[in-house]
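As structure tokens, the structure follows; a few thoughts come after it.
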Amino acid sequence: MNIDYLLKREGITNIKELDANQIKIISKDLAIKLCLAFPEHGLDRQSLYNSFCTLDMFTATMPKDSSGAKYVSGSNSIYFNENLDFSSIPEVAMHECIHFIQEGRLNEKKEFVGLTSFASGLALNEAAVQLMASEANMANISQEKYFDILLNTISPNYYPLECTLVNQIAYFTGTYPLYHSVLNSNDVFKNTFIAKFNKRIYNRVARQLDKLLHLESELTSYMNELALTEKTGSIKELNSIIAKQKQDIKRLFFNIQNFIIRNCFSFEFNSINTMEDLREFKHKLYNFKNIIGTSDGYTFYNDFYCDLMNALENKKEEIIKYGEISLFKQECTALTIVDKSKETFNFIHIFIKKLKKIFRINRGSINDYDNL
């Protein structure tokens, strides 16, 4: 596609090229920060520096709703808002330059660009890239409110809702597979998540994150239209649409968050076999409160927490009574082999029924939120 057409479509005008020395300064800053932030991913500072120096960098007049920087895929060029102070350009450039790395590391089959496949994952990728950019820029966590959703975020200006939800997913998988797939455009993170949970959960979260991003994009369009219109009737209609759009965004955010909480913790609950597992699970469940979004009237996490703590007490009693569950299973297998079949079968059957009863964690109230 013609580069001039792309720039026009993006609303990028009044383009001025940065000189070679400015590009070197920006490239050095980016390379150093990325290597310091992610040493486990084998990034080479000199290689990154050389790569970034090949980028054509420009300042330009950009739309008000832009992030301040734009990497135009396929053109080897990046554009910065002309109003930016030069010293702040590297920080703004970080997100776009990670996209540049992704494009340079497309897998041979070209099935992924970062975490984005042909089917879904655009929002997942954008949020993961932004989390990486924020970490590389050593951003501080701040408390912000969006659409009446209060949350602690490392990215207050870019994709804050998506970043919060992807950070919740990474709470269970760790950031290594997430960032590995961001940098190498592969399915390592997807496969890690599916192995730990299942494909259904992954696909639903990825699709709904895309839907959330789409709703926010639509909202931006409506707000821009409102800023330009002068007709009273149109203003009233647009305000009504905007109010509804904000409510839809809020509702979808909490639906995704609740879906992550219920499914991921439920899977991990099923994996508890020892007292050490149980203690670690309690710690993990309690600390999750630090990374969720909340709002007036939001009670799902607290309700789920109380229900699960009750279930953990029952599981604790089972472990104390029968010993570590993994050892108990081994003993049951041994008993079956020496042909105490009927007695063993009844005992196992009763034990499994108890576990199932324990794990029925107020299913009705939880399913009420499963409307993705």
- Query: Can a donor-acceptor pair be found between the side chains of Y298 and N258 at a distance below 3.5 Å?
  - Reply: yes
- What class does the angle between the rings of F100 and F52 fall in, given that below 30° is parallel, 30 to 60° is tilted and above 60° is perpendicular? tilted
- Task: Evaluate side-chain hydrogen bond (donor to acceptor under 3.5 Å, both in side chains) for E82 paired with T61, printing each intermediate quantity in order.
- Result: CA-CA 6 Å; E82 62 188 0; T61 302; 2.7 Å; yes
- Between S181 and V188, the two heavy atoms sitting closest are OG-N, 3.2 Å
- Any salt bridge (charged side-chain N to carboxylate O under 4.0 Å, His left out) involving residues 16-29? Give me the pairs, sequence neighbours left out, ordered by first then second residue. D29-K33
- Message: I'd like to know if the side chain of Q46 pairs up with that of N50 as donor and acceptor (distance under 3.5 Å, no hydrogens or angles considered).
- Response: yes
- Query: Looking at Y286, is K282 sitting on its ring face, NZ or CZ under 6.0 Å from the six-membered ring centre and within 45 degrees of the normal?
  - Reply: no
- Closest non-hydrogen contact found for S295 with D148 is OG-O, 2.9 Å
- Donor-acceptor pair between E96 and Y79 side chains, under 3.5 angstrom: no
- F86, M94: one ILVMFWY side-chain cluster at the under-4.5 Å cut-off? yes
- Message: Using every non-hydrogen atom in the two residues, find where D277 and S271 come nearest and quote the distance to one decimal.
- Response: OD2-O, 3.8 Å
Return a table of donor-acceptor pairs under 3.5 angstrom between the side chains of residues 154-163 and protein atoms on other chains or two or more places apart.
from, atom 1, to, atom 2, distance (Å)
S155, OG, Q130, NE2, 3.3
S155, OG, Y158, O, 2.5
Y158, OH, S67, O, 2.7
Y159, OH, E126, OE1, 3.4

- Pair Y179 + F189: ring centers closer than 6.0 Å: no
- Query: Looking at side-chain heavy atoms only, is the closest gap between F253 and L165 below 4.5 Å?
  - Reply: yes
- Message: Assess whether a salt bridge exists between R279 and E276, defined as any Lys/Arg side-chain N lying under 4.0 Å from an Asp/Glu carboxylate O.
- Response: yes
- Query: Do we get K289 above Y305's six-membered ring, with its NZ or CZ under 6.0 Å from the centre and within 45° of the axis?
  - Reply: no
- Message: Over 60° means perpendicular and under 30° means parallel, so tell me whether H41 and H180 are parallel, tilted or perpendicular.
- Response: tilted
- Query: Taking the six-membered ring for Trp, are the ring centroids of F288 and F172 within less than 6.0 Å of each other?
  - Reply: yes
- How far does CE of M57 sit from CD1 of I25, to the nearest 0.5 angstrom? 11.0 Å
- Treat each ILVMFWY residue as a node, draw an edge where side-chain heavy atoms are under 4.5 Å apart, and state whether M138 and L48 are in one component. no
- May I ask you to decide if the ring planes of F267 and F197 are parallel, tilted or perpendicular, using 30° and 60° as cut-offs? perpendicular
- Message: side-chain hydrogen bond (donor to acceptor under 3.5 Å, both in side chains) for H214 and D210? Distances and angles first, verdict last.
- Response: CA-CA 6 Å; H214 179 68; D210 284 345; over 6 Å; no
- Message: If hydrophobic clusters are built by linking Ile, Leu, Val, Met, Phe, Trp and Tyr wherever their side-chain heavy atoms come under 4.5 Å apart, do L36 and L183 end up in the same one?
- Response: no
- Task: Starting at CG of N125, measure out to NE2 of H99 and round the result to the nearest 0.5 Å.
- Result: 6.0 Å
- Between H283 and E280, do the side chains contain an N or O donor and an N or O acceptor separated by less than 3.5 Å? no
